[in-house]
Amino acid sequence: MPELPEVETIRSGLEPLLVHKTIADVCIRQAQLRYRIPADLAVCVSGQRITALQRRAKYLLLQVEKGTILIHLGMTGSLRYLSAAQAPERHDHLDFILDKGILRYRDPRRFGLVLWKPATEQGHRLLDKLGPEPLGDAFTSDYLVRKGEGSKRALKSFIMDNHVVVGVGNIYANEALFLARLHPLRPAGGLSQPEWEALHRHIIEVLQKAIKAGGTTIQDFVDGSGKPGYFQQQLLVYGRDKEPCTECGTILQKQVIGQRSSWFCPACQS
DNA sequence: CTTTAAACCTGGTCGC
DNA sequence: TGCGACCAGGTTTAAA
C-alpha cells in the first residue's frame, strides 16, 4: 500500500502523538507477518518511553529508550493511534498499549513486519544495504548517472530498486517517468546526462507533492488518524490505461514490466 | 555480479 | 448467486 509519501504522512502525523508516551504493554494477536513478531517484544519494550518516530526508506523506526522498533507496512499495512480503547477488528495484529492510548497495527496481507533492534546492536540487515533517500543530499543526478552506467535494466525497474534509491514504488515510478518524458523500458545505461537530470528532478518533485497531499489512497491507505490521502486526484498515468494522455491526447498504454503494471504515454515518453 | 521470476497472503473485482 | 481467474501502494529469496 504505502510508498515513501504514505509512510512519511503516517510518520509526521503520529510522531507528535507518540513522543513522550510510555509503552505499557504489547498485545500480539497474530505474530506471523513477513517475519514472525518476536515473542518477547513486550519484554523488550515495556516500560520504555518513546523518543521519536523516524523513517528510513519505507520503514518506520519507533525509537524507545533501549532500542528501535522496526515497522514496515508491506502492501496493506496501517498504523493508527487510538486515544480511546476500540475493539480490534480482523487483521488488527498488534497493539502497543501506551500510558495514554493505543498504537494499532493492521495488515490484511501480512507482507509487513514488526521487529526489535536493541540499541546495543549496530545496523540491521534490512537497513544496511539500502540506497540513498530520494529527498536527501546523497541522491543527485550524478549519482544516478554513475549507478546506471552499463545497466541494461528497464529504467522503471531500475528506479524501483531499493539498492539504487529507496521509497520509489509503483505509483510514483510511473508518474516520475511520465513527467520526465522517459519510456519505462529504456535501458538504464542509455540515458543522457540531461535525461537523468530530468528524471532526478521529477522523482523528487512528485514525492514532495504527494507528501503535501497526504499520500495516495487507491484502496486502503489511511494516515495515523485513519484519514485517506488526496494525491490520487493528481495521478497522470497510474491506473489510467485506455484514457487519453493529459499532454497530447494519445491513449495511454498498460504493460507489465518487471512483474509490475506500468502505464505510459507511447507518444510523450521515449 | 546482474537480472528475472517465484513466493509470501488476503480480499476485491470481473467474466462466465 | 457462485466460482475461478486475476489483480493489488512491497520485498526477499532462489534461480537463470
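So you know, we letter chains A, B, ... as the sequences are listed, proteins then strands, and number each from 1.
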Salt bridge between A:Arg11 and A:Glu8, side-chain N to carboxylate O under 4.0 Å? yes
Answer yes or no: is there an ion pair linking A:Lys21 with A:Asp99, defined by an N-O contact shorter than 4.0 Å? no
Write down the distance between [atom1] ([X]) and [atom2] ([N]), rounded to a whole number of angstrom.
| X | N | atom1 | atom2 | result |
| --- | --- | --- | --- | --- |
| A:Phe221 | C:dG10 | CZ | P | 13 Å |
| A:Asp241 | C:dC7 | CG | C1' | 12 Å |
| A:Arg56 | C:dG10 | CZ | C1' | 16 Å |
| A:Glu6 | C:dG10 | CD | P | 9 Å |
| A:Leu70 | C:dT11 | CG | C1' | 14 Å |
| A:Leu33 | C:dT11 | CG | P | 15 Å |
| A:Met160 | C:dT11 | CE | P | 8 Å |
| A:Arg260 | C:dC7 | CZ | P | 13 Å |

Can you tell me if A:Asn162 and A:Lys58 form a side-chain donor-acceptor pair at under 3.5 Å? no
Taking the inter-plane angle between the rings of A:Tyr59 and A:His72 on a 0 to 90° scale, is it parallel (under 30°), tilted (30 to 60°) or perpendicular (over 60°)? perpendicular
Mind checking [X] for me? I need base, sugar-phosphate or nothing, with any heavy atom below 4.0 Å counting as a touch.
| X | result |
| --- | --- |
| A:Phe158 | nothing |
| A:Tyr172 | nothing |
| A:Phe231 | nothing |
| A:Ser157 | nothing |
| A:Asp107 | nothing |
| A:Arg90 | sugar-phosphate |

C1' atoms of B:dG12 and C:dT11, separation to the nearest Å: 23 Å
Which value, in whole Å, describes the distance between the P atoms of nucleotides C:dC7 and B:dA5? 15 Å
Presence of A:Asn162 side-chain N/O under 4.0 Å of C:dT11 phosphate oxygens OP1/OP2: yes
At a 4.0 Å cut-off to heavy atoms of chain A, the contacted part of DNA chain B spans B:dT3 to B:dG11
Could you check A:His200, A:Arg201, A:Gln193 and say which one makes a side-chain hydrogen bond (donor to acceptor under 3.5 Å, both in side chains) with A:Glu197? A:Gln193
Which comes earlier along DNA chain B counting from the 5' end, the contact point of A:Ser151 or that of A:Arg34, where each point is its nearest nucleotide? A:Ser151
Nearest-nucleotide wise, let me know which of A:Gln219 and A:Arg153 is further upstream toward the 5' end of DNA chain B. A:Arg153
Does a side-chain heavy-atom distance below 4.5 Å link [X] with [Y]?
| X | Y | result |
| --- | --- | --- |
| A:Val237 | A:Thr246 | no |
| A:Pro88 | A:Arg29 | yes |
| A:Leu61 | A:Ile69 | no |

Give the minimum heavy-atom separation between A:Arg153 and A:Asp161, together with the two atoms involved. NH1-OD2, 2.7 Å
Testing the basics here: between A:Leu235 and A:Ile171, what is the closest heavy-atom pair and its distance to 0.1 Å? CD2-CG2, 3.6 Å
Pairs: protein N or O with nucleotides 3-6 of chain C N or O, under 3.5 Å:
none

What nucleotide, of [options], holds the atom closest to the side chain of [X]?
| X | options | value |
| --- | --- | --- |
| A:His72 | C:dG10, C:dT12, C:dA8 | C:dG10 |
| A:Arg109 | C:dT12, C:dG10, C:dA8 | C:dA8 |
| A:Leu126 | C:dC7, C:dT12, C:dG10 | C:dT12 |

Hey, which of these two, A:Lys254 or A:Leu130, hits DNA chain C nearer its 5' end, going by closest nucleotide? A:Lys254
Can the positive tip of A:Arg125 be found less than 6.0 Å from the middle of the six-membered ring of A:Tyr35, inside 45° of the ring normal? yes
For this output row, return yes or no: ring centroids of A:Phe158 and A:Trp196 closer than 6.0 angstrom. yes
Using a cut-off of 6.0 Å, state whether more than 12 heavy atoms not belonging to A:Asp40 lie near its atom CG. yes
If a stem is a run of at least 3 consecutive Watson-Crick or G-U pairs, both distances under 3.5 Å, which stems include DNA chain C? B:2-8 with C:10-16, B:10-16 with C:2-8
